[in-house]
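Quick note: numbers below take in every heavy atom, side chains included, and nothing from hydrogens, waters or symmetry partners. Predicted model, so just to flag it, every value in this text is computed and none were measured. Chain letters run A, B, ... following the sequence lines, proteins first, then strands; residues in each count from 1.
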Amino acid sequence: MGKSVIFSHLTGRYVTVSNYPGTTVEIAYGKLIGQKNVLVLDTPGVNNLIPTSEDEVVTRDILIEHTDAKVIQVGDSRNLERTILLSIQLKELGIPFVLCLNMTDESMERGIEIDADTLSKKLGIPVVKTVATQRIGLNKLVPALQTIRDNHFPGVEYPEIITESADSISQLIQDDLPFKKSISLMLLASDLSLKDWVHKSIPRDQIQTLNELLRATQTQFQMPIGNVITTTRLVKARQIANEVLTKVESTSSSFFSKLGEWSHHRYAGLLIGGIILYLIYEFVGVFGAGTLVDFLEKTVFGSWLIPFITKVINTVIPFQIIRDLLVGQYGLLSMALSYSVAIVLPIVGTFFIAFGILEDSGYLPRLAVMMNRLFKMMGLNGKAVLPMVLGLGCDTMATMTTRILDSKKERLIVILLLALGVPCSAQLGVILGMLSALTPAMTFIWAGCVLIVLFSVGYLSSKIFRGESSDFVLELPPMRMPKISNILVKTMARIEWYLREAVPLFFLGTFVLFFFDKIKLLGIIERAFSPVIVGFLGLPSKATEAFLVGFLRRDYGAAGLYALFNPRMGGGPITVETEIQIVVSMITITLFMPCIANFFMIIKEQGLKTAVAMSVFILPLSMGVAGVINHVLRWMLL
Amino acid sequence: MSVDKHSIEEVLEAIWVAEETKGAFIENIKIVCERDGHVIDVKAVLDELVRLNLVKFADDRFQLMPDGTNLAGDIMRRHRLAERLFTDVFQVSESTMELTACQFEHILTSEVVDSVCAYLGHPPLCPHGRPIPPGDCCKTYQRDQVKPLVIRLCDLELGKEGKIAFVAPSVHDRYNRLTALGVIAGNPIKLHQREPSFVVSIGETELAFEQAIAREIYVKAP
């Protein structure tokens with residue numbers, strides 16, 4: 001709806017902006033530009049203050065906890081009724097707020113005209129029209145916050161029984177608490193997410209009375225009271241909307257709305273999906289992981305930078321051990337820096353650009369439409385496609401985004417699948433780069449194997465995990481031409497994040513290898529794991545090193561494998577033996593343990609026990625699957 | 001003495017039921033009223049009905065006049081459709097059903113009744129096996145063999161726009177979610193595709209959802 005853009009404008013801070021609902025899952029904080037003592041919060045979007053998912057609960061809680069706050073409600077001017085439905089609830093809460101009618105450009109294009117002055121009078125609040133993406137009207141928001149007066153809003157007339165019960169309930173609530181009337185209505189709507197609040201704010205001996213009141217009121221209605229309340233508000237919202245709306249015939253649909261239609265069509269959608277997949281492969285796999293990596297690794301680092309640095313260091317530093325630490329076999333510069341900058345960065349960069357385009361165009365929710373059926377079989381619904389595809393960018397980020405899913409069970413399944421087998425961009429890029437050198441069949445074996453494992457694990461966990469799956473209901477934002485500035489800003493922010501997050505771990509991993517090597521532990525570990533790595537997986541024992549750093553980051557592990565196999569891939573034809581080794585190691589590293597950052601995020605989201613349980617499940621599974629593939633391929637091809 | 005509308009409807013209903021069973025003698029009418037748990041001065045109401053020319057008294061029994069028949073038929077229709085709705089759709093117990101149906105018959109508007117009727121596929125009999133007086137909607141349905149007035153969204157033709165008649169969610173959570181997204185009775189809704197998921201537009205909003213939900217949205221066909 002544009003909240004995040006407006007937040008960036010107010011605070012100068014960047015938060016993830018994209019063209020699908022539910023991007024904001026964490027609250028962002030920032031200081032208001034020019035007024036350092038004013039704190040600005042960016043909350044997840046809500047349709048209704050009677051929440052149906054966790055991110056909506058977050059927003060509702062912020063509203064009832066920050067009693068001294070002023071609010072900017074960012075509403076979609078194309079859907080005035082829904083916007084007003086929320087305004088009515090804010091008004092009922094009694095929070096001072098400004099209504100920001102965003103996307104007025106798109107509503108104008110569709111022939112919708114809104115009389116902001118009348119709306120402002122009807123609701124008793126300032127109303128500001130904006131086009132956030134073009135910064136139009138944003139400067140009026142803060143001044144408008146200062147013009148809020150306690151203007152009267154006649155409110156919504158609920159059925160008498162509801163009003164009476166709400167009054168009785170508000171008498172049970174401690175005197176000094178704000179929003180009593182509104183919260184009484186929320187309680188009547190049997191909002192279970194308020195349970196904690198109830199236990200804090202209502203004396204224990206009164207809770208029984210409250211429950212009886214709620215039950216008694218419900219018996220008076222056939223419909224759940226929540227529905228009665230929402231319907232009553234809606235009638236009012238529609239009445240107001242009708243008074244301020246003028247509709248003119250809109251112009252015929254553009255190319256982009258056609259494209260949007262095709263991209264979720266049952267057949268055309270598959271074609272478009274295929275084309276997009278191919279383009280991404282060409283851009284990230286061939287251009288990023290091939291051309292760019294070749295240039296950076298072989299030319300810039302291999303024949304220029306590293307030899308030069310080595311020369312300098314060898315002359316300047318007299319101690320062999322320091323030389324080894326910096327430019328030796330496990331050197332921080334020769335290994336960590338060239339891995340992260342020469343191999344992983346170009347891939348991550350190209351992927352983030354491709355992903356940014358997908359995000360900004362509005363394609364991803366349409367992909368959800370295509371995938372719903374498949375996801376249903378895994379106890380999920382199409383909405384889960386968003387965190388899953390985001391996982392191709394970064395599993396850690398995606399694990400956090402699972403909060404847009406509506407049920408605990410779905411969140412758990414998606415987090416497990418992300419940790420198990422959704423390769424993040426860096427890893428995916430390296431993998432695609434390597435696979436592109438092999439016969440195409442190998443790519444299919446790798447992809448098929450990973451997808452089958454993902455699907456089977458998803459299917460089984462949907463049967464094993466308890467809980468409900470939720471409905472697939474998703475709003476499709478309009479398809480639009482991606483804005484280059486948006487993509488650049490996003491890509492830069494993500495690369496910055498990557499450098500900050502990943503590169504230190506690369507250095508740490510390299511240092512661990514260096515240390516293990518120096519104390520001769522590396523050889524021991526390699527020998528110890530030899531039965532598994534060499535015997536079962538059929539890989540060179542050096543691969544152990546890659547898996548070792550894979551515990552830190554899967555992409556680092558993948559990069560290690562790349563470095564291991566790269567010498568054998570240049571020049572002449574690749575032997576079948578090597579092809580099998582590459583595909584087996586790729587399967588292992590794809591299904592490998594979640595990286596450290598992701599592991600911590602799982603702990604944060606699901607608790608330590610779940611995180612450990614997942615890892616214990618994933619490690620043997622990845623090795624097992626890869627081992628089986630190894631033996632099958634050898635039996636078939638050698 | 002004035003007689004309220006509620007009592008009139010109850011007694012008309014009792015006459016109808018008594019006629020169907022043991023004949024509309026005053027005792028039978030009283031028995032039906034008592035069985036339904038109404039405390040009504042039946043005698044006074046009957047006098048009023050006769051005065052309004054809805055009912056006539058002949059051969060010891062009461063008989064519905066044409067206007068009275070229409071009124072009573074409407075009430076019976078509402079009552080028995082409500083019974084069907086509660087047993088078929090909500091599967092509530094017999095006693096709850098009876099009590100609720102009794103309340104429903106007084107508040108439902110004819111538009112809602114027709115929607116319920118169409119929703120249930122114009123049922124001819126109530127759960128007890130007694131006939132449900134057909135409404136206008138049933139007549140259209142039978143005569144032309146055309147689609148019912150209100151159809152499920154999943155049966156709407158592709159590319160056609162209908163008006164949402166009502167939403168009958170089988171899961172509590174759905175109603176609020178759909179409502180907040182604009183799936184509200186009265187809004188025009190256009191069906192764009194069925195496969196692989198349903199895509200509709202309501203006003204300026206484009207929504208996608210699965211078939212289970214499309215089955216629970218009822219639209220007035222164009």
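At a threshold of 4.5 Å between non-hydrogen side-chain atoms, the residues B:Leu178 and A:Val473 count as touching. Using a 4.5 Å heavy-atom cutoff, the side chains of A:Arg82 and B:Thr205 are in contact. Here the side chains of B:Asn187 and A:Glu81 are in contact, with some heavy-atom distance below 4.5 Å. The shortest side-chain heavy-atom distance between B:Leu207 and A:Leu476 does not fall under the 4.5 Å cut-off. The side-chain heavy atoms of B:Glu210 and A:Arg373, taken from C-beta on, include no pair separated by under 4.5 Å.
To the nearest 0.5 angstrom, B:Glu195 atom CD is 8.0 Å from A:Tyr267 atom OH.
Only the side chain of B:Gln193 comes within contact range of chain A, with at least one heavy atom under 4.5 Å from a heavy atom of that chain. Contacts between B:Leu181 and chain A at a heavy-atom distance below 4.5 Å involve backbone atoms as well as side-chain atoms. Using a 4.5 Å cut-off between heavy atoms, A:Arg233 does not touch chain B at all.
Residues A:Val369 and B:Ala208 come closest through the heavy atom pair CG2-CB, 3.4 Å.
A salt bridge does not link A:Arg78 with B:Glu206: every distance from a Lys NZ or Arg NE/NH1/NH2 to an Asp or Glu carboxylate oxygen is 4.0 Å or more.
Between chain B and the residues A:Asn48, A:Asp471, A:Asn79, the largest count of heavy-atom pairs under 4.5 Å involves A:Asp471.
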